[in-house]
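Structure first, then comments.
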Amino acid sequence: MKHLFKPEVAKGIWTLLILLLVIKMSWFVVELLWLPTMGVDHSEESRAKALYYRVKLSPNDGAVPTTKRPVQTAGSIQDIKLLAIYNASDVTVVTVEYKRATKVLAKGETINGFVLEGAGSNYATFSKDAKTYQIDLIVSRKGEGSIKSAQTSAASAPSADQIQGEVIDAGDHKIVDRSLLDHYAKNMDDIYKNIGIKEIKKGKDLEGFSISFIRKGSPFSKLGLQRGDVIKAVNGQKIDSYNAAFDVYKNISNINNMTLVIQRGKEEMELEYEVN
């Protein structure tokens, strides 16, 4: 059989291939150990974002200015003055002055956006926008504020001559001078100095108010009311809660006629009044 290649030629080819392989491996080692990693083949594009960035500061190299949030203040709560506090067993009523006008507030009522939350012995608390504000009672020159309770004594009551206005008996009704109503609308303390009111309850429910005393010679003594009378309604509105009673009080300056329903003993009767 005739061979295609001579053994010498085949041996020479294998020797050449092995030599080329050794040279290639040697060059790879030299390139890996000593040559710098430069050139197109070694450059890679990085898509990772830098963790830090350069910031250009102001010319004086100062810190970047920050925006300050506006500081919330009590606002017009400072314009509200606390003049008087009335405390009963389950009610708190205060008299305040705002923009030179006097207003009576029960718990939960609002003045200039501030809600009356309660009161202590010499202060009242209001709330607005989830914040609480406290107003101290204005102390008079004698060192006493106007703090009253349901058991207010009539010893310090003003005389009838100090109160302007009259109540005239017209037979089937009484005529009340409007100036008298205006006086009591602005001076709640004088009401409790001339007439005493106590609660009538059935269990825990408030059913009305009864008259515990009437100061002799006061305008209230001329209204036809007597001690022990139970006030049931005023102008058709039932007086079975403090809110109902103070609603009548707050609007008393605007009425022209008033019908008072009272319970006297076992008899229910109406008292008529004309305001002029």
Side-chain angles (χ1 to χ4, degrees), residues 83-88 91 93-97 101-106 140 146-200 208-239 242-265 267-276:
L83 303 181
I85 301 172
Y86 172 77
N87 290 317
V91 67
V93 179
V94 301
T95 304
V96 296
E97 180 181 309
T102 302
K103 184 176 182 180
V104 178
L105 299 175
S140 65
S146 181
I147 306 174
K148 303 298 175 184
S149 67
Q151 303 299 326
T152 301
S153 172
S156 60
S159 64
D161 295 336
Q162 295 175 316
I163 301 176
Q164 301 296 322
E166 288 291 338
V167 177
I168 301 174
D169 190 352
D172 60 342
H173 69 282
K174 309 285 185 179
I175 300 176
V176 181
D177 198 319
R178 182 170 296 279
S179 62
L180 185 62
L181 293 184
D182 291 339
H183 172 82
Y184 284 116
K186 297 178 181 178
N187 299 275
M188 186 179 184
D189 292 341
D190 288 348
I191 296 177
Y192 295 104
K193 292 174 183 178
N194 288 280
I195 187 171
I197 304 293
K198 67 178 182 180
E199 304 166 345
I200 299 295
F209 301 88
S210 68
I211 299 174
S212 58
F213 77 89
I214 297 179
R215 181 171 176 265
K216 186 178 180 179
S218 69
F220 288 94
S221 65
K222 302 176 183 179
L223 293 176
L225 296 170
Q226 297 180 10
R227 181 178 179 180
D229 289 346
V230 178
I231 302 173
K232 305 289 290 186
V234 177
N235 286 353
Q237 180 177 352
K238 289 185 177 181
I239 307 300
Y242 280 100
N243 285 337
F246 284 106
D247 281 344
V248 173
Y249 172 76
K250 288 184 297 183
N251 296 307
I252 197 169
S253 297
N254 301 320
I255 63 175
N256 295 319
N257 295 280
M258 183 168 63
T259 300
L260 192 65
V261 178
I262 63 171
Q263 183 79 33
R264 182 172 293 172
E267 182 183 0
E268 186 174 278
M269 60 179 60
E270 292 185 353
L271 300 178
E272 298 287 342
Y273 302 96
E274 177 185 345
V275 181
N276 60 17

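Hydrogens, waters and symmetry mates are skipped; everything else that's a heavy atom, side chains included, is used. Remember, predicted model here, so these are calculated numbers, not experimental data.
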Between [X] and [Y], which heavy-atom pair has the shortest distance, and what is it?
X	Y	value
E97	L83	CB-CD1, 3.8 Å
L260	Y273	CB-CE1, 3.9 Å
Q263	G265	NE2-O, 3.3 Å
N194	S218	OD1-CB, 3.0 Å
L271	L223	CD1-O, 4.1 Å
V230	S210	CG2-CB, 3.9 Å

Residue list, side chain to side chain contact (heavy atoms under 4.5 Å, CB included) with A101, at least two apart or on another chain: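 If we apply the side chain to side chain contact (heavy atoms under 4.5 Å, CB included) test to A101, skipping adjacent residues, there are no hits.
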
Partners passing side chain to side chain contact (heavy atoms under 4.5 Å, CB included) against N257 (at least two apart in sequence or in another chain):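 If we apply the side chain to side chain contact (heavy atoms under 4.5 Å, CB included) test to N257, skipping adjacent residues, the hits are E274.
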
Look up atom [atom1] in [X] and atom [atom2] in [Y], then write down how far apart they are to the nearest 0.5 Å.
X	Y	atom1	atom2	value
K222	D169	NZ	CG	11.0 Å
I231	I239	CD1	CD1	7.5 Å
I211	I195	CD1	CD1	4.0 Å

Qualifying residues under side-chain hydrogen bond (donor to acceptor under 3.5 Å, both in side chains), relative to T259, sequence neighbours excluded: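 Listed in chain order: E272.
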
Under the side-chain hydrogen bond (donor to acceptor under 3.5 Å, both in side chains) test, residues paired with D172 that sit two or more places apart: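 D172 satisfies side-chain hydrogen bond (donor to acceptor under 3.5 Å, both in side chains) with no residue once adjacent residues are dropped.
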
Candidate pair V261 and E268, rule side-chain contact (heavy atoms from CB on, under 4.5 Å), full reasoning: CA-CA 7 Å; V261 178; E268 186 174 278; 3.8 Å; yes

Residues which pass salt bridge (Lys or Arg N to Asp or Glu O under 4.0 Å) with [X], listed by chain and number, not counting sequence neighbours:
X	answer
D182	none
K103	none
R227	none

Criterion side-chain contact (heavy atoms from CB on, under 4.5 Å) on M269 and I262, from CA distance to verdict: CA-CA 6 Å; M269 60 179 60; I262 63 171; 3.4 Å; yes

Main-chain N/O of I255 paired with R178 side-chain donor or acceptor, under 3.5 Å: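 Yes; judged by distance alone, with no hydrogens or angles, the pair exists.
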
Residue pairs involving residues 251-265 (criterion salt bridge (Lys or Arg N to Asp or Glu O under 4.0 Å); sequence neighbours excluded):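 For residues 251-265: D229-R264.
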
Partner residues of F209 under the ring pair (Phe, Tyr, Trp, His ring centres under 6.0 Å) criterion, sequence neighbours left out: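 Listed in chain order: Y242.
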
Worked verdict on F220 versus V167 for side-chain contact (heavy atoms from CB on, under 4.5 Å): CA-CA 9 Å; F220 288 94; V167 177; over 6 Å; no

